[in-house]
Amino acid sequence: MRVALFVTCFNDTLFPGTGRAVLTVLERLGHTVDFPPEQTCCGQMHFNTGYRPEAASLAARFARVFAGYDAVVTPSASCAGMVRDGYPLLAERHGDGVDEQRIADIVPRVHEFTAFLTDVLGVTDVGARFPHRVIYHPTCHSLRGLRLGDRPLSLLRAVRDIDLVELPGADSCCGFGGTFAVKNAETSGAMLADKTAEVRATGADVLCAADNSCLMHIGGGLSRQGSRVRTMHLAEILAATERGAS
Amino acid sequence: MTAPTDRGVVWLGSPTFPDAARTALLDTQLRANLKRATTTIRAKRHAAATELDDWEALRDSAAAIKRRTARHLGRYLVQLEQTVTAAGGIVHWAGDAAEANRIVTDLIRETGETEVVKVKSMVTQEIGLNEHLLDAGITAYETDLAELIVQLGDDRPSHILVPAIHRNRTEIRDIFAAEMGRWGRPAPEDLTDDPAELAEAARQHLRHKFLTAKVAVSGANFAVADTGTLVVVESEGNGRMCLTLPETLITVMGVEKVVPTWSDLEVFLQLLPRSATGERMNPYTSTWTGITDGDGPSRFHLVLLDNGRTDTLADTVGREALACIRCSACLNVCPVFERTGGHAYGSVYPGPIGAVLTPQLAGIDRAATLPFASTLCGACYDACPVKIDIPALLAHLRAGVVESERARRRLPTAEAMTMTAAATVLGSPALFDAAQKAGSLGSRAIARDGRIGRLPGPLRGWSATRDTPALPAESFRSWWRKNRDSDR
Ligand code: SF4
């Protein structure tokens with residue numbers, strides 16, 4: 001199986017550790033992972049903000065760059081969702097420059113990282129050890145978009161020495177919503193305030209999720225409030241071993 | 001989409017959503033009222049939906065019926081006109097709000113009456129009927145309890161099912177005490193904020209209206225094409241009074257409310273109450289077919305309203321919004337609505353459905369901030385009994401807003417310039433790499449402990465309550481280049 005990492009432009013730029021963690025986990029499981037350097041962005045921000053032609057050319061680039069791979073793995077539920085739900089629409093509506101067949105070929109090969117582990121590789125125990133109190137926030141795109149359900153939690157439950165506690169009100173949105181947090185910053189902030197209060201009340205050391213964008217939002221709030229709760233992509237927990245985090 | 005003329009729907013002069021929301025967020029009383037109300041109704045809806053084994057199958061059926069009806073809407077409407085007419089009703093067609101208002105005013109004038117009672121109806125709010133009637137010297141009395149609170153308080157509805165959801169009982173007591181006397185029977189002097197007392201005061205106030213009114217105006221939840229039957233679903237029984245006691249009944253209905261057959265109601269009458277109030281069945285379901293001698297009104301008029309609906313139908317994506325049965329589940333589960341309340345949407349239709357329906361009915365330039373009033377979290381889609389993919393519609397309408405801006409302006413907006421620049425950078429790995437390096441240097445220069453605090457300009461709102469991480473020294477791609485590429 002030829003596996004490629006789609007790290008996402010966001011992680012590439014802001015959270016390179018998440019990309020390295022995905023490599024660590026997949027390589028530990030015996031897979032070789034390639035990083036095609038021509039990759040950039042899936043087009044989600046443009047698509048969700050209404051800039052469809054721009055999103056369409058980024059989609060075309062994505063389909064071209066990843067064309068030869070059996071599986072494209074990405075540590076972002078929202079980018080995986082963009083490919084799955086947005087690309088067919090873009091192919092249908094912005095035909096020029098977007099190769100419909102190529103899009104149709106690539107869509108089913110793109111996997112969100114946790115779903116790739118549980119559904120494609122069929123593993124839940126990836127050999128991790130992480131002796132901390134952890135809460136998991138199911139981001140909206142993991143929960144209601146990709147319907148990841150229990151998959152991320154099943155991976156976390158298999159981590160040695162983890163103290164996994166429940167986050168109350170976990171299924172409510174943190175208020176990020178991409179450009180929503182800029183265009184409607186105050187409304188977004190009101191949602192964030194409720195989320196950070198729930199997070200802090202759990203007494204957890206680490207908040208994890210399957211998407212760094214929401215984590216950056218919640219983490220940005222926690223940091224401003226002076227909270228000591230750390231935010232970490234779930235992949236980084238799965239990459240951690242007895243010898244400490246990768 | 002061309003800018004339509006007088007369609008109502010939006011409240012003229014309303015601020016944009018972000019501005020209105022900012023004001024609403026400061027109202028702690030409003031936030032508390034909304035939080036309490038939405039939390040209760042969410043739990044009830046969830047319980048009522050999940051207790052049915054075939055809930056998902058019901059949703060699928062409802063979605064299929066609504067979409068099929070929309071595809072053949074013209075046919076079912078003509079059939080409805082025939083069946084209603086055959087049953088003794090008179091059907092009128094109204095292209096827009098102004099025409100519907102004119103028709104209803106003329107019909108009331110023909111009766112010689114100057115007062116009418118009303119059944120709660122969204123569509124008459126949409127066309128601004130009460131205000132129009134008032135200008136024509138006709139007083140319309142709202143008889144739904146929450147609608148009465150809104151009318152007495154000279155207020156606007158903030159929710160499609162519970163128009164006074166923004167009020168708590170103390171506020172309601174004060175409105176009743178101060179205003180009932182001006183509209184009819186005053187509230188008792190010693191009225192308290194006990195819910196039973198408030199309901200009794202409303203009952204006494206309204207009773208006289210029901211017994212004297214000769215004309216009623218209603219909306220409709222459904223109209224059955226094959227039988228000509230109209231359906232109104234409600235909780236209080238006040239609608240039933242209006243629908244049965246007066247001599248003349250005028251029903252205004254959006255054309256999308258038609259369903260093909262009587263048996264289709266089986267699906268909707270299960271979904272609607274469970275989604276709306278979290279009840280297995282609503283207390284009152286009134287159905288009537290034309291007129292019946294010696295039973296109920298002796299004159300029945302049905303006004304079929306377009307008001308932007310056929311334009312909406314022409315958009316094969318956007319038309320999904322016409323499947324809405326106005327249950328309000330999407331409002332109740334929406335985290336944005338919960339914080340801002342309904343008035344911030346500046347429209348008769350607030351919340352998620354309002355954000356997709358308003359721009360389509362009123363014209364996208366009249367509600368350009370509404371499609372952006374959502375995080376696309378998807379809670380609405382999951383709750384919607386007719387499976388309207390509201391997040392997908394929002395994204396679709398956002399593209400419409402951007403296109404409309406691009407067509408109207410000679411110079412691009414700051415946002416459009418940023419987006420174009422971003423697309424150029426992301427279109428080239430070399431430019432992207434260079435931008436990452438520049439961003440890393442720049443952001444680390446202004447960061448402290450790897451975090452950036454308050455920022456000016458468009459990021460001011462964001463950075464007021466959130467720190468932003470500085471870009472790390474090394475992007476993933478440069479790490480890969482150094483550590484992995486050379487191995488190969
Ligand atoms: S869009 Fe769906 S959930 Fe919202 S009011 Fe309409 S039917 Fe109900």
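Computed from a predicted model, the values in this text were never measured in an experiment.
Proximity to chain B (any heavy atom under 4.5 Å) is shown, for L143(A), by neither the backbone nor the side chain. Neither the backbone nor the side chain of A24(B) comes within less than 4.5 Å of any heavy atom of chain A. Residue L426(B) touches chain A through both its backbone and its side chain, counting heavy-atom pairs closer than 4.5 Å. For S374(B), the part lying near chain A is the backbone, with the side chain staying farther off; criterion is any non-hydrogen pair under 4.5 Å. The contact between L58(A) and chain B is made entirely by side chain atoms (from C-beta outward), counting heavy-atom distances below 4.5 Å. At a 4.5 Å heavy-atom cutoff, the contact between R454(B) and chain A is made by backbone and side-chain atoms alike. Proximity to chain A (any heavy atom under 4.5 Å) is shown, for T369(B), by neither the backbone nor the side chain. Heavy-atom distances place no part of L222(A) under 4.5 Å from chain B, backbone and side chain included. For a residue to count as touching a neighbouring chain, one of its non-hydrogen atoms must lie under 4.5 Å from one of that chain's; by this rule F432(B) touches chain A with the side chain only. For chain A, no part of E405(B) is nearby; none of its heavy atoms comes within less than 4.5 Å. Using a 4.5 Å cut-off between heavy atoms, L471(B) contacts chain A through both its backbone and its side chain. In this structure, chain A has heavy atoms under 4.5 Å from both the backbone and the side chain of A422(B).
Separation of the F35(A) and F476(B) ring centroids falls under the 6.0 Å cut-off.
For the residue pair R466(B)/S188(A), the side-chain donor-acceptor check at 3.5 Å is satisfied. A donor-acceptor contact closer than 3.5 angstrom is absent between the side chains of Y51(A) and E403(B).
When each of R406(B), R31(B), H396(B) is checked for heavy-atom pairs under 4.5 Å with chain A, R406(B) comes out on top. Heavy-atom pairs under 4.5 Å with chain B peak, among G178(A), P37(A), S57(A), at P37(A). Among G220(A), C140(A), A190(A), G177(A), the residue with the largest count of heavy-atom pairs under 4.5 Å with chain B is G220(A). No other option in S172(A), P16(A), A193(A), G86(A) has as many heavy-atom pairs under 4.5 Å with chain B as P16(A). Chain B forms more heavy-atom pairs under 4.5 Å with one residue of H46(A), H141(A), E54(A) than with any other, namely H46(A). Chain A forms the most heavy-atom pairs under 4.5 Å with one residue out of P458(B), P469(B), P391(B), G461(B), and that residue is P469(B). The candidate from S428(B), A395(B), A392(B) with the greatest count of non-hydrogen atom pairs under 4.5 Å with chain A is A395(B). Counting heavy-atom pairs under 4.5 Å between each of G453(B), S440(B), A416(B), G400(B) and chain A puts A416(B) at the top. Interface remark: of the candidates G439(B), S443(B), C377(B), A423(B), C377(B) forms the most heavy-atom pairs closer than 4.5 Å to chain A.
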Step by step, work out the side-chain contact (heavy atoms from CB on, under 4.5 Å) result for R20(A) and W479(B). CA-CA 9 Å; R20(A) 291 198 295 273; W479(B) 174 85; 3.1 Å; yes

Verdict with supporting geometry, T465(B) and R224(A), side-chain hydrogen bond (donor to acceptor under 3.5 Å, both in side chains): CA-CA 6 Å; T465(B) 53; R224(A) 180 61 58 86; over 6 Å; no

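The shortest side-chain heavy-atom distance between K183(A) and W462(B) does not fall under the 4.5 Å cut-off. Proximity of L376(B) to F176(A): side-chain heavy atoms (C-beta onward) are nowhere separated by under 4.5 Å. Taking 4.5 Å as the limit, every side-chain heavy atom of P429(B) sits out of range of all side-chain heavy atoms of Q39(A). Between T179(A) and F372(B), every side-chain heavy-atom pair lies at or beyond the 4.5 Å cut-off.
Other residues, nucleotides and ligands contribute only 12 or fewer heavy atoms inside 6.0 Å of the NE2 atom of H46(B). Within a 6.0 Å sphere centred on CG of D449(B), heavy atoms belonging to other residues, nucleotides or ligands number 12 at most. Around atom CZ of R228(A), no more than 12 heavy atoms belonging to other residues, nucleotides or ligands sit under 6.0 Å away.
Salt bridge annotation for D382(B)-R147(A): present, with a cationic side-chain nitrogen under 4.0 angstrom from a carboxylate oxygen.
Contact residues of residues 338-345 of chain B toward chain A are R339(B), T340(B) (heavy-atom distance under 4.5 Å).
No donor-acceptor pair under 3.5 Å is formed between the side chain of D12(A) and the backbone N or O of S475(B). Counting only distance, with no hydrogens or angles, the side chain of R52(A) and the backbone of R398(B) share no donor-acceptor pair below 3.5 Å. Looking at R22(B), its side chain never comes within 3.5 Å of a backbone N or O of E186(A) through a donor-acceptor pair.
Between T375(B) and C173(A), the closest heavy-atom pair is OG1-SG, 3.2 Å.
Between the CG atom of D433(B) and the OG1 atom of T13(A) there is a distance of 9.5 Å, given to the nearest 0.5 Å.
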